[in-house]
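In what follows, a structure is listed as structure tokens, so that the remarks can point back to it.
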There are 2 protein chains.
Amino acid sequence: MNIPSKLIEDAVTEISRLPGIGKKTALRLALHLLKQNEVHTEALTLALSKMRQEIQYCKTCHNISDSDQCTICASMRRDKTVICVVEDIRDVLAIENTNQFQGTYHVLGGVISPIQGIGPEELTIESLLERVKKSSEDEPVQEVILALSGTMEGDTTSFYLAKRLKENNVKVSTIARGIPVGGELEYTDEVTLGRSIMTRINYSTE
Amino acid sequence: MNIPSKLIEDAVTEISRLPGIGKKTALRLALHLLKQNEVHTEALTLALSKMRQEIQYCKTCHNISDSDQCTICASMRRDKTVICVVEDIRDVLAIENTNQFQGTYHVLGGVISPIQGIGPEELTIESLLERVKKSSEDEPVQEVILALSGTMEGDTTSFYLAKRLKENNVKVSTIARGIPVGGELEYTDEVTLGRSIMTRINYSTE
């Protein structure tokens with residue numbers, strides 16, 4: 001594509017660096033901004049740079065926040081004795097959307113992946129252990145829920161965390177792997193189906 | 001979606017104003033920018049504001065340009081006696097990509113659409129007539145090719161332009177409507193097929 005303007009070409013190059021946006025879409029977006037009033041572009045660029053410059057991370061759970069403590073950690077209504085460990089911020093939003101969880105979170109910032117060169121040190125694991133250990137003085141953490149992806153990396157990280165958390169007197173659980181609600185047995189892969197049988201839930205004691 | 005940060009929420013709102021981008025995609029893009037180094041966001045916002053502020057339109061053909069004359073109008077190798085009239089900048093890029101056209105362009109900025117309140121005055125039609133009239137002194141325009149969409153609005157605009165251009169001694173043509181290359185007769189709509197028969201090309205005289 002031969003764009004007759006260096007200004008637009010630069011903009012297209014930058015826009016198409018974003019995930020899932022190719023050159024054609026980038027050009028469409030750039031031309032859209034040109035058609036619109038200048039204030040729209042100004043509002044967009046201002047919101048982006050402001051977000052990037054001023055964003056902070058909660059010092060307790062590493063969730064995104066506008067101050068050094070996120071709204072979840074600051075809330076008096078959240079159960080501080082339960083910590084749900086997730087990979088990144090999007091997982092926090094996903095779990096929050098279920099309205100099922102009243103505890104707090106801990107954002108790891110990724111999962112252990114030797115192939116991508118991510119070891120335990122790159123994640124906020126020490127901060128989690130510290131948090132669990134320190135908590136025992138006032139409001140002790142009683143349960144750590146591992147809510148990581150069902151991938152090999154996720155499982156490795158869960159296993160590592162469970163091992164490290166053993167030292168502290170804390171219950172470690174992981175979210176259930178099984179057939180999605182509304183899913184049919186027939187179309188579920190063997191591994192999931194196998195796991196869902198092994199980790200079956202006892203109706204009578206529930 | 002309940003985003004726990006006003007900064008991110010503002011960014012998401014602004015990003016999702018772009019065409020074809022919803023809240024979910026906007027959030028994904030915002031979180032991507034947060035994960036990346038700050039220089040990426042800076043480069044993006046700078047490119048966008050620079051484009052919006054410094055972009056100019058060619059005073060001859062109204063194409064986008066970095067100066068007041070676009071590269072096509074400035075080129076000595078383009079045939080100034082042929083003007084191809086298009087709706088917007090993307091059409092210029094599309095025709096340029098075919099490498100078939102060596103003339104110049106005239107970007108209307110839209111088509112006549114009474115429903116959307118766009119009349120001939122909102123478009124660069126006067127500028128086109130002026131251009132054709134003025135050209136007669138040095139390098140006279142000999143042909144105006146109307147390359148507008150095959151919609152009702154496009155056809156109305158073509159008809160209007162053809163009428164207005166009659167005063168000047170200039171050939172007016174329109175791009176062929178017909179079956180796409182590789183297209184099958186069977187699956188072509190009746191209107192297109194009917195037109196392609198009526199406007200058939202004579203092999204023997206070609």
Side-chain angles (χ1 to χ4, degrees), chain A residues 1-15 17-21 25 27-38 40-58 63-67 70-72 88-90 92-94 96-97 99 109, chain B residues 1-15 17-21 25 27-38 40-58 63-67 70-72 88-90 92-94 96-97 99 109:
Chain A
M1 203 157 42
N2 208 348
I3 303 171
S5 155
K6 183 135 195 336
L7 292 165
I8 294 188
E9 209 175 319
D10 287 350
V12 166
T13 309
E14 287 303 328
I15 300 172
R17 275 191 224 281
L18 294 170
I21 295 185
T25 309
L27 179 65
R28 193 160 55 87
L29 298 180
L31 293 180
H32 171 84
L33 288 176
L34 284 178
K35 262 198 175 175
Q36 298 264 308
N37 193 302
E38 204 165 328
H40 287 96
T41 310
E42 270 168 33
L44 173 66
T45 55
L46 186 74
L48 289 182
S49 16
K50 216 174 151 200
M51 173 190 77
R52 192 63 189 83
Q53 278 161 16
E54 295 179 17
I55 200 77
Q56 293 190 47
Y57 293 89
C58 176
N63 189 8
I64 41 165
S65 170
D66 290 351
S67 62
C70 76
T71 45
I72 296 171
D88 70 11
I89 301 152
R90 256 182 297 173
V92 174
L93 296 175
E96 281 299 284
N97 274 339
N99 283 322
Chain B
M1 202 158 38
N2 207 348
I3 303 170
S5 155
K6 186 142 192 332
L7 291 166
I8 293 188
E9 209 175 316
D10 287 350
V12 166
T13 309
E14 287 303 328
I15 300 172
R17 275 192 224 281
L18 294 170
I21 295 187
T25 309
L27 179 66
R28 192 160 55 87
L29 298 180
L31 293 179
H32 171 84
L33 288 175
L34 284 177
K35 261 196 177 176
Q36 298 264 308
N37 194 303
E38 206 165 327
H40 286 96
T41 309
E42 271 168 32
L44 173 66
T45 55
L46 186 74
L48 289 182
S49 14
K50 216 174 150 202
M51 172 190 78
R52 191 63 189 82
Q53 279 161 16
E54 295 179 16
I55 200 78
Q56 293 189 47
Y57 293 89
C58 176
N63 190 7
I64 41 165
S65 171
D66 290 352
S67 63
C70 76
T71 45
I72 296 170
D88 70 11
I89 300 152
R90 256 180 297 173
V92 174
L93 296 176
E96 280 300 285
N97 275 338
N99 284 321

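Note that the coordinates shown come from a computational prediction; the quantities given were computed from them, not determined experimentally. Each chain gets a letter, A, B and so on, in the order the sequences are listed, and its residues count up from 1. Scope of the values below: all heavy atoms of this structure, side chains included, with no hydrogens, waters or symmetry mates.
- Side-chain contact between B/Ile15 and A/Leu48 is present, with heavy atoms from C-beta onward closer than 4.5 Å.
- Looking at every heavy atom in both residues, A/Ala47 comes nearest to B/Ala11 through CB-CA, 3.9 Å.
- If you tally non-hydrogen atom pairs under 4.5 Å between each of B/His40, B/Gln53, B/Lys35 and chain A, the highest count goes to B/Gln53.
- The residue among B/Asp10, B/Leu31, B/Ile72 with the most heavy atom pairs within less than 4.5 Å of chain A is B/Leu31.
- The candidate with the highest count of non-hydrogen atom pairs below 4.5 Å against chain B, out of A/Ala43, A/Ala94, A/Ser67, is A/Ala43.
- Both the backbone and the side chain of B/Ala30 come within contact range of chain A, each with at least one heavy atom under 4.5 Å from a heavy atom of that chain.
- Here the side chains of A/Leu29 and B/Pro19 are in contact, with some heavy-atom distance below 4.5 Å.
- In terms of heavy-atom pairs under 4.5 angstrom with chain A, the leader among B/Thr41, B/Ile21, B/Leu46, B/Asn63 is B/Thr41.
- At a threshold of 4.5 Å between non-hydrogen side-chain atoms, the residues B/Arg52 and A/Glu42 do not count as touching.
- Considering only residues two or more places apart in sequence or on other chains, B/Asp66 meets the side-chain hydrogen bond (donor to acceptor under 3.5 Å, both in side chains) condition with A/Ser5.
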Full working for salt bridge (Lys or Arg N to Asp or Glu O under 4.0 Å) between A/Arg17 and A/Glu14: CA-CA 5 Å; A/Arg17 275 191 224 281; A/Glu14 287 303 328; 3.3 Å; yes

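- Residue B/Glu96 does not touch chain A at all, counting heavy-atom pairs closer than 4.5 Å.
- Of the residues considered (B/Thr71, B/Leu33, B/Val92, B/Thr25), B/Leu33 shows the highest number of contacts with chain A, using heavy-atom pairs under 4.5 Å.
- Nearest approach of A/Cys58 to A/Ser65, heavy atoms of both residues: N-CB, 4.1 Å.
- Of the residues considered (B/Ile55, B/Asp88, B/Ile89), B/Ile55 shows the highest number of contacts with chain A, using heavy-atom pairs under 4.5 Å.
- Contact annotation for B/Asn99: neither backbone nor side-chain heavy atoms come within less than 4.5 Å of a heavy atom of chain A.
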